[in-house]
Amino acid sequence: MLQLHFIRDNKDYVIERLSIKNFDAAELVEEIISLDNDRRSTQKNLDDNLAMSNQLSKEIGNLFKEGKKSEAEEVRKKSTELKSVVKDLEQTLQQIEKSLNEKLVELPNLPHESVKAGKSENDNEIVYEEGEIPMLAENALPHWELASKYDIIDFDLGSKVTGAGFPFYKGKGARLQRALINFFLDEALKQDYIEYQPPLLINEDSGFGTGQLPDKEGQMYFVGEDKLYLIPTAEVPITNIYRNVILKEDDLPIKNVAYSNCFRREAGSYGKDVRGLNRLHQFDKVEIVQISTPEKSYEILEEMKAHVSALLRKLELPFRILRLCGGDVSFASALTYDFEVYSAAQKRWLEVSSVSNFENFQSNRMKLRYKSKEGKSILAHTLNGSALALPRIVAAMLENNQSSEGIAIPELLRNYTGFEKIDAL
RNA sequence: GGAGAGAUGGCAGAGCGGUUUAAUGCGGCGGUCUUGAAAACCGUUGUCCUUCACGGGACCGGGGGUUCGAAUCCCUCUCUCUCCGCCA
């Protein structure tokens with residue numbers, strides 16, 4: 001959520017920047033400013049009446065104490081009249097604030113200066129590439145076939161027990177998952193992240209705080225009985241730790257890491273996009289989250305980018321980094337880098353990480369502030385990134401490392417898996 | 001799931017209809033004293049809205065109600081604690 005006073009002071013700038021996200025804000029901004037004007041004048045009016053009412057109540061108290069009953073009655077009558085005025089104003093104010101909030105929440109975050117205009121993911125800018133595209137044999141298999149050939153992931157079993165997009169990992173497949181999770185967590189710990197294990201269900205306030213609600217309600221699984229949502233990413237619980245919190249400047253930056261299952265309904269997905277591990281309803285992810293001062297947040301974004309790059313390097317996967325264009329960067333993000341690995345049998349790039357700076361967009365929603373050394377309350381900046389999402393890493397690893405001998409486990413992961421290759425048992 | 005108790009400022013804790021602009025203690029910050037520190041003493045100590053400013057208003061877990069006036073009374077939700085039941 002953008003700050004009201006910022007919108008007021010930078011009306012044209014807001015509209016211009018949002019056009020980069022293909023969002024026409026002109027009308028909305030006008031409505032917001034006009035509603036805010038109404039809010040201010042109504043508030044002023046209400047406050048004046050309340051001040052008067054407070055004054056009268058005090059008088060009544062004093063008069064009663066002095067035994068001047070009839071005079072007190074007189075004032076009480078006046079006060080009663082005032083009461084209906086106050087009640088009306090309160091209702092009006094509530095209405096105005098409600099519609100103001102509804103409008104305010106519709107405005108996306110402003111894209112960072114470096115974000116270029118663009119319609120879709122096709123306009124994302126490749127800013128970095130590393131690693132060699134493997135040349136596979138003619139008879140190379142896509143990962144879903146490798147998965148069943150070596151009996152390490154069972155998609156059909158998942159469909160039977162739950163539904164499509166909920167695979168079983170089995171044997172070395174399951175052990176590989178566990179190895180990757182531990183590897184990712186340990187790498188983050190080396191960078192001074194604090195490890196958390198968050199709840200997998202969150203309430204409505206948390207969903208609002210990070211921006212999943214009200215917009216993307218349909219993307220989350222909802223447990224109606226208890227009004228809880230299954231998390232689409234650990235970002236939600238981990239960032240919401242700080243909802244309505246005032247930190248100290250010395251606490252920053254806060255670096256948290258969490259492994260969690262992630263649940264996404266992915267309504268409307270179809271075709272080759274959802275084949276095998278490419279898109280699941282439940283998957284595993286290690287997420288890094290940082291809370292920072294505004295001055296440092298872009299430096300930290302680079303640091304997080306470097307962290308994710310190092311992980312992919314250690315896993316020996318060819319990858320590239322994209323700076324998302326205005327049309328593809330998410331509602332809440334100011335700047336996002338996507339990481340894609342090359343999955344050589346599918347011959348396509350798969351997104352395995354998304355690293356974003358939300359600036360104070362989430363902070364403003366969840367009132368996450370810190371007290372500066374001068375004693376001022378300032379909205380913090382929030383950042384997060386996948387480090388990393390497992391399924392597509394596994395997909396690329398299986399495909400890229402296949403040979404007649406089986407599937408080779410990257411050197412640095414062998415300590416974690418306890419085996420060097422996946423072969424026919 | 002059943003029965004009971006509770007939620008007050010960074011923390012502890014009083015207040016149970018009108019000098020509460022929320023007592024008091026601890027902690028934090030500033031000062032006096034001291035070569036320095038401690039102790040002692042004095043002062044200060046939240047968030048938000050509004051205003052150029054003076055000022056005004058809101059906030060005692062959330063929401064609603066009673067009243068001229070609510071931290072205080074009523075309703076409701078959430079959470080915490082104790083006991084019982086169930087349970088990895």
Side-chain angles (χ1 to χ4, degrees), chain A residues 1-9 32-105 197-209 213 222-229 237 240-252 254 261 360 363-380:
Chain A
M1 188 161 73
L2 298 176
Q3 296 180 91
L4 239 180
H5 68 82
F6 182 84
I7 299 171
R8 290 184 75 100
D9 296 346
I32 286 170
I33 292 177
S34 139
L35 277 167
D36 188 45
N37 288 336
D38 287 354
R39 180 185 66 89
R40 285 175 195 224
S41 63
T42 308
Q43 176 92 64
K44 175 86 176 72
N45 199 349
L46 173 63
D47 284 355
D48 288 349
N49 279 289
L50 279 172
M52 214 185 305
S53 169
N54 286 343
Q55 189 56 41
L56 290 180
S57 292
K58 212 170 273 179
E59 267 177 50
I60 292 168
N62 288 332
L63 287 172
F64 268 122
K65 207 169 297 167
E66 292 164 24
K68 298 175 180 168
K69 267 203 175 149
S70 62
E71 284 177 48
E73 275 307 316
E74 200 76 6
V75 182
R76 201 164 67 85
K77 238 175 241 164
K78 239 198 285 181
S79 186
T80 313
E81 285 166 32
L82 203 54
K83 210 182 145 181
S84 73
V85 177
V86 165
K87 201 155 204 171
D88 282 353
L89 283 171
E90 272 173 349
Q91 255 160 26
T92 310
L93 185 65
Q94 218 169 43
Q95 280 295 326
I96 293 170
E97 280 178 342
K98 187 166 167 249
S99 23
L100 178 59
N101 253 320
E102 281 167 5
K103 298 283 177 200
L104 218 43
V105 161
Q197 239 183 65
L200 303 181
L201 289 99
I202 48 112
N203 59 28
E204 191 184 346
D205 285 347
S206 295
F208 178 82
L213 296 175
F222 180 58
V223 184
E225 185 84 8
D226 298 291
K227 293 190 184 139
L228 297 172
Y229 297 85
N240 272 284
I241 291 171
Y242 308 96
R243 173 154 47 82
N244 281 321
V245 166
I246 302 177
L247 297 159
K248 293 196 276 293
E249 184 165 356
D250 286 342
D251 297 336
L252 303 177
I254 282 173
N261 298 303
N360 65 22
S363 297
N364 194 33
R365 284 178 157 241
M366 65 178 120
K367 302 289 165 252
L368 157 52
R369 289 160 294 178
Y370 69 94
K371 191 143 267 186
S372 73
K373 299 216 167 78
E374 295 77 41
K376 270 179 68 182
S377 285
I378 299 170
L379 289 173

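FYI, side chains are in, hydrogens and waters are out, and symmetry mates aren't considered; it's all heavy atoms of this structure. Letters A, B, ... are given to chains in the order of the sequence lines, protein chains preceding strands, and every chain is numbered from 1.
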Non-hydrogen atoms of S363(A) and A380(A) that approach each other most closely: OG-O, 2.5 Å
Does one side chain, of N203(A) or S206(A), offer a donor that lies under 3.5 Å from an acceptor on the other? yes
Side chain of R369(A), heavy atoms from C-beta onward: which of C49(B), G69(B), U47(B) has the nearest atom to it? U47(B)
Please tell me which of R39(A) and K371(A) maps to the more 5' nucleotide of RNA chain B, matching each residue to the nucleotide holding its nearest heavy atom. K371(A)
I'd like to check the ring pair (Phe, Tyr, Trp, His ring centres under 6.0 Å) partners of F6(A); sequence neighbours left out, ordered by chain and number. none
Among U47(B), C49(B), C68(B), find the nucleotide with the atom closest to the side chain of T80(A). C68(B)
What's touching nucleotides 54-59 of chain B from the protein side, N or O pairs under 3.5 Å?
from: G56(B); atom 1: N2; to: D47(A); atom 2: OD2; distance (Å): 3.0
from: G57(B); atom 1: OP1; to: N54(A); atom 2: ND2; distance (Å): 3.3
from: G57(B); atom 1: O2'; to: D47(A); atom 2: OD1; distance (Å): 2.8

Non-neighbouring partners of I96(A) that pass side-chain contact (heavy atoms from CB on, under 4.5 Å), sequence neighbours left out: L35(A), D38(A), R39(A), T42(A), T92(A)
Closest approach of N240(A) and G209(A), non-hydrogen atoms and distance? OD1-CA, 4.0 Å
P atom, A7(B) versus G61(B): distance in rounded Å? 8 Å
How long is the span from the NZ atom in K103(A) to the CG atom in L4(A), to the nearest 0.5 Å? 14.0 Å
How far does the P atom of C26(B) sit from the matching atom of U76(B), given to the nearest Å? 41 Å
In whole Å, I'd like the distance from the CG atom of N49(A) to the C1' atom of C68(B). 15 Å
Check side-chain contact (heavy atoms from CB on, under 4.5 Å) between L82(A) and all other residues, then give those that pass, not counting sequence neighbours. N49(A), M52(A), S53(A), L56(A)
Students often get this wrong, so: under 4.0 angstrom with heavy atoms, is S377(A) touching a base, only sugar-phosphate, or nothing? sugar-phosphate
Looking only at non-hydrogen atoms, find the nearest pair between I33(A) and I7(A) and report the distance. CD1-O, 4.4 Å
P gap between A37(B) and C54(B), integer Å: 36 Å
Hey, is the main chain of Q95(A) close enough, under 3.5 Å, to the side chain of S99(A) for a donor-acceptor pair? yes
From CD1 of I60(A) across to P of U19(B) the rounded distance in Å is 14 Å
If I take atom NZ from residue K77(A) and atom OG1 from residue T80(A), how far apart are they, to the nearest 0.5 angstrom? 9.0 Å
How far does the C1' atom of U24(B) sit from the matching atom of C79(B), given to the nearest Å? 28 Å
If we take the P atom in both A3(B) and C73(B), what is their distance in whole Å? 23 Å
Using a 4.0 Å heavy-atom cut-off across all strands, classify S57(A) as base, sugar-phosphate, or nothing. base
Calculate the interatomic distance between D36(A) atom CG and U51(B) atom P; express it in whole Å. 9 Å
Could you write out RNA chain B as dot-bracket? Rules: Watson-Crick or G-U wobble, both distances under 3.5 Å, brackets [ ] for crossings, | for pairs with another strand, dot for unpaired. ((((((((.[[[..)..(.....]]]((((((.......))))))(((((....))))).[[[[[..)....]]]]])))))))....
What is the separation between atom NZ on K248(A) and atom P on G46(B), rounded to the nearest whole Å? 16 Å
When rounded to the nearest Å, what value does the distance between C1' atoms of G13(B) and G17(B) take? 22 Å
Whole-Å gap separating C1' (C49(B)) and CG (L100(A)): 13 Å
Quick one, L247(A) and Y242(A) - any side-chain contact, counting heavy atoms below 4.5 Å? yes
Rounded to whole angstroms, how far apart are CG on L93(A) and P on U50(B)? 11 Å
I60(A) versus S79(A), closest heavy-atom pair with distance: CD1-CB, 4.4 Å
Rounded to the nearest Å, what distance is computed from the NZ atom of residue K367(A) to the C1' atom of nucleotide G46(B)? 17 Å
What's the gap between U66(B) and C52(B) when it is taken at their C1' atoms, as a whole Å value? 42 Å
Any heavy-atom pair between the side chains of N37(A) and R8(A) that's under 4.5 Å? yes
Could you go through nucleotides 62-66 of chain B and list every protein N or O atom that sits under 3.5 Å from one of its N or O atoms, giving the distance for each pair?
from: G64(B); atom 1: OP1; to: Q94(A); atom 2: NE2; distance (Å): 3.4

Between G61(B) (P) and D205(A) (CG): distance, integer Å: 18 Å
Provide the distance between the two C1' atoms, one in C33(B) and one in U51(B), to the nearest whole Å. 43 Å
